[in-house]
Amino acid sequence: MRIDVATLFPEMCEAVLSESILGRARKKGCLDVNCWNIRDYTLDKHRRVDDVPYGGGRGMVMQADPIYRCYEAVCAQAQSVPHRIYMSPKGAVLTQQRALELAMMPHIFLLCGHYEGVDQRILDTVIDEEISIGDYVLTGGELPALVLIDTLARMLPGVLPENLCFEEESHFNGLLEYPQYTRPAVWHDQEVPPVLLTGHHKNIAEWRLEQSLAVTRENRPDLYSRYLDKK
Ligand code: 4G0
């Protein structure tokens, strides 16, 4: 899949996208991400990309024209029309289900806002969907865009190491993860739950389900109720 990120801080995005599993996915060609600097598309002689809000009030607003010209450059280079997302605290909150749907799209354009947001006319004409990563405000849309890219990337074929299957994990079955242990079997007087050392696969699976149910009921009663309703 191809993702184009429009931002005022392309180096910040590039730094994250070059490391670890995302960096490897890009090298392998599973994921094609490009970062675009919105400031490169301003026609203003002082390279301005923001201005005061009409009607007054606090902060600055990102102007429509540099964003639009950046978007046009993306379409021209990709030779395709992307699904266009604006990262915003007003958006619908991202879920694993929505991420799965987005991961099936061939081309996504992510707009990262700053200051007090972007001119509404860009949202009206260029943006298909506003997405939030949670009910809190950040200084920019870059971290949310990187969070979205990370969760999409790990669902693409060939990105995760073979023994890691995203469909088997927490949030896919509606329950939280069971506890995990590794060697040594005793550490600082604390033992690994004995059932995990038996090699009895059915008992281990039962223990893990019990643990998942207990941690979900404790930490996320909302998820727990929904899980019970579905059963
Ligand atoms: C648009 C997304 C973008 C408007 C972006 C701020 C949190 C999220 C931004 C604003 C963001 C999120 C009106 C402050 C940039 N913060 N929860 N900051 N306003 O996904």
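Numbering of ligands and ligand atoms starts at 1, following listing order.
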Atom 13 (C) of ligand 1 [closest protein heavy-atom partner, distance rounded to 0.1 Å]
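Nearest neighbour among protein heavy atoms for atom 13 (C) of ligand 1, to 0.1 Å: Glu116 O, 3.9 Å.
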Students should be able to answer this: which protein heavy-atom is nearest to atom 5 (C) of ligand 1, and at what distance?
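The closest one turns out to be Pro89 CD, 3.5 Å.
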N/O separation below 3.5 Å, [X] to ligand 1:
X: Ser132; value: yes
X: Tyr86; value: no
X: Met87; value: no
X: Gly113; value: no

Flag yes if more than 12 heavy atoms outside Asp124 fall under 6.0 Å of its CG atom; otherwise flag no.
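Enclosed.
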Main-chain N/O of Leu31 paired with Arg2 side-chain donor or acceptor, under 3.5 Å:
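Not confirmed, Arg2 side chain does not pair with Leu31 backbone.
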I'd like to know if the side chain of Asp128 reaches the main chain of Arg84, judged simply by a donor and an acceptor atom lying under 3.5 Å from each other, with no hydrogens or angles considered.
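Yes; at least one donor-acceptor contact below 3.5 Å.
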Per-atom contacts of ligand 1 with Pro144, taking only distances under 4.0 Å to non-hydrogen atoms
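So the atoms of ligand 1 that pass are 2 (C), 8 (C), 20 (O).
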Proximal ligand 1 atoms for Tyr136, defined as those under 4.0 Å from one of its heavy atoms
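Near Tyr136, the atoms of ligand 1 are 7 (C), 17 (N).
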Regarding Asp50 and His114, is there a side-chain donor-to-acceptor distance under 3.5 Å anywhere?
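On atom types as modelled, these side chains do not qualify, holding no pair under 3.5 Å.
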Verify the distance criterion only: is there a donor paired with an acceptor across the side chains of Arg121 and Tyr68 at less than 3.5 Å?
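Note: Arg121 and Tyr68 side chains miss the donor-acceptor criterion.
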Is there a side-chain contact between Cys112 and Tyr86 in this structure, where contact means two heavy atoms from C-beta onward sitting under 4.5 Å apart?
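A side-chain contact is absent here, since even the closest heavy-atom pair is not under 4.5 Å.
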